[in-house]
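Report on the structure given below.
In the text below, chain A, chain B and the rest are named by the order of the sequence lines, each starting its count at 1.
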Protein chains: 2
Amino acid sequence: MLTNTEENYIKAIYHLSVDNKTVRTNAISEVMNTTAASVSDMLKKLSDKSYIHYEKYQGVSLTKKGKTEALQVVRKHRLWEVFLVEKLRFNWDEVHEIAEQLEHIQSKLLIERLDDFLGNPTSDPHGDPIPNAKGEMPVLRQVLLSELDVNGKAKVIGMKEHSPAFLQYLDKLGISIGSAVKVMDRVLFDASVELKVNDKKTMVVSHEVAKNILVSPID
Amino acid sequence: MLTNTEENYIKAIYHLSVDNKTVRTNAISEVMNTTAASVSDMLKKLSDKSYIHYEKYQGVSLTKKGKTEALQVVRKHRLWEVFLVEKLRFNWDEVHEIAEQLEHIQSKLLIERLDDFLGNPTSDPHGDPIPNAKGEMPVLRQVLLSELDVNGKAKVIGMKEHSPAFLQYLDKLGISIGSAVKVMDRVLFDASVELKVNDKKTMVVSHEVAKNILVSPID
DNA sequence: AAATAAGTTTAGACTTATCTTAATTTGCAA
DNA sequence: TTGCAAATTAAGATAAGTCTAAACTTATTT
Ligand SMILES: [Mn+2]
Ligand SMILES: [Mn+2]
Ligand SMILES: [Mn+2]
Ligand SMILES: [Mn+2]
């Protein structure tokens, strides 16, 4: 089986594989908080066990086997986060560290029973999708921020408009992919949206802006 | 903090400390499935960290600190077992291995929330008492086997009669302290009890026998 | 008291997993 | 084509846990 550290490396590679580009050693060393040399060691090991495709100096990508493994770890992490929030009444910002431990518990049966117990959730408390037992990601419901109900929470998953002016404006507001947003209010007059971003900053954006932000609702 | 292995050693010492006698190296090596030499190494380490009282060649006992630590691990183990059986619908004979992993998860808050979520149970699915957050063992409810309801499950915690004849008879039946018993039926005519022991053997014992066996009901 | 057996400890070393520093090599962009 | 950033290797350190073999202690017999 995989050690906890191996699982963490594979998970890191998975998360760094946003587009289908190869993942670089330095990128991994950064998220794993270690040196490039250590990463090279581990890449060799993971390659020998055929969890990754590895060509020296060219970065890595997960094999089918590696991706399956990564998705299982992600699945466990997110299911445990749901458990902690839904059943044990943790806040969504308190659960990550504990889930980092729980995700390594080995028992297929346990995780299937947990999944059922939680009602087979499709996303975790942060709005991230939960892969099913086969490692398939659910298709995310996606709506425009302008369509979200008042008090609705969601996670920003993309922008419809890509002009620098728009993106720079979002930057200034502190809104980016992955941001958690909550609609605090909607102005009747012009459909401007009062938002809370990442549970911190409150701001108002115009309807024009809101209808260019794609979000995935969090139940 | 303690490593998982250190926690397991301390727990083993705790379980071996039935009376207040000292625990011998060989006894530990047996339950830990390792050699006496390895145990000696570890005892030195645990002694240096003052989890145990250790005099060479004289066996060990837990210090106050060590006992507290042991009870926390036992508490976690048993609470997780309750969770697995009560919430995830595992059978009581399927939960031990998983609890062996879960008992090492580090988070005070988690275990307190879990305890509340489970309704602050005082015994685990095997009838073993669950220490509270302070490490105090609950006083077990205890009744005579003769008083247990039909379909009631319990754990044997002692005998009232201590004659060799009685104890040898119990031996032959396979009933000892720690045995799980379930009352399958009670004969109206003479109050004989039909029992299932350790989820396996079914047998009939007289009322005279049943009223000399102390048990602790499992809810 | 010596001898013996049983139990325990020490010495020394091994394994596995992971990390580090300090070269060295490679790929690629200017 | 050269210079540099990125990546790899070499060599070794550390930590945790384990083992075998030899030495030692304690208890029990002669
Ligand atoms: Mn998380
Ligand atoms: Mn999450
Ligand atoms: Mn158990
Ligand atoms: Mn138990």
- Could Asp115(B) and Arg75(B) be called an ion pair, given the rule that one side-chain N must be under 4.0 Å from one carboxylate O? yes

- Let me know the distance between CG of Leu2(A) and C1' of dT16(C), rounded to the nearest Å. 15 Å

- Query: Counting just side-chain N and O atoms, does Lys56(A) come under 4.0 Å of either OP1 or OP2 of dA6(D)?
  - Reply: no

- Taking only residues two or more places apart in sequence, or in another chain, which ones meet Glu208(A) in a salt bridge (Lys or Arg N to Asp or Glu O under 4.0 Å)? Lys211(A)

- Gln58(A) atom CD is separated from dT25(C) atom C1', nearest whole Å, by 13 Å

- Task: Mind calculating the distance between CD (Glu6(B)) and P (dA15(D)) to the nearest angstrom?
- Result: 13 Å

- Message: Tell me whether the side-chain N/O atoms of Arg24(B) come closer than 4.0 Å to OP1 or OP2 in dG7(C).
- Response: no

- Query: Tyr57(A) or Tyr9(A): which one's nearest nucleotide on DNA chain C is closer to the 5' end?
  - Reply: Tyr9(A)

- Query: With a 4.5 Å limit on heavy-atom distance, are the side chains of Val85(A) and Val95(A) in contact?
  - Reply: yes

- Query: Where do Lys49(B) and Glu6(B) come nearest, in terms of heavy atoms and distance?
  - Reply: NZ-OE2, 2.8 Å

- Query: More 5' along DNA chain C: Tyr54(B) or Thr3(A), using each one's nearest nucleotide?
  - Reply: Tyr54(B)

- Separation of dT8(C) C1' from Leu43(B) CG (nearest whole Å): 10 Å

- Message: Taking the six-membered ring of Phe83(B) as reference, does the cationic atom of Lys87(A) (NZ for Lys, CZ for Arg) lie under 6.0 Å from its centre and within 45° of its axis?
- Response: no

- Message: It should be established whether Lys45(A) places a side-chain nitrogen or oxygen under 4.0 Å from OP1 or OP2 of nucleotide dT18(C).
- Response: yes

- Query: Do Val215(A) and Val181(A) have side-chain heavy atoms sitting under 4.5 Å apart?
  - Reply: yes

- Round to the nearest Å and state the distance from Asp48(A) atom CG to dT8(D) atom P. 14 Å

- To the nearest angstrom, how far is Met42(B) atom CE from dT10(C) atom P? 15 Å

- Any idea which of dT8(C), dT25(C), dC28(C) is nearest the Asn26(B) side chain? dT8(C)

- Message: If I take atom NZ in residue Lys44(B) and atom C1' in nucleotide dG12(C), what distance separates them, rounded to the nearest angstrom?
- Response: 16 Å

- Task: Mind calculating the distance between CE (Met1(B)) and C1' (dA16(D)) to the nearest angstrom?
- Result: 17 Å

- Give, ordered by number, those residues of residues 28-41 of chain B having at least one heavy-atom distance below 4.0 Å to an atom of DNA chain D; if nothing qualifies, reply none. Thr34(B), Thr35(B), Ala37(B), Ser38(B), Asp41(B)

- Query: Taking it one step at a time, do Glu103(A) and Lys11(A) satisfy salt bridge (charged side-chain N to carboxylate O under 4.0 Å, His left out)?
  - Reply: CA-CA 11 Å; Glu103(A) 73 187 5; Lys11(A) 189 174 54 139; 2.9 Å; yes

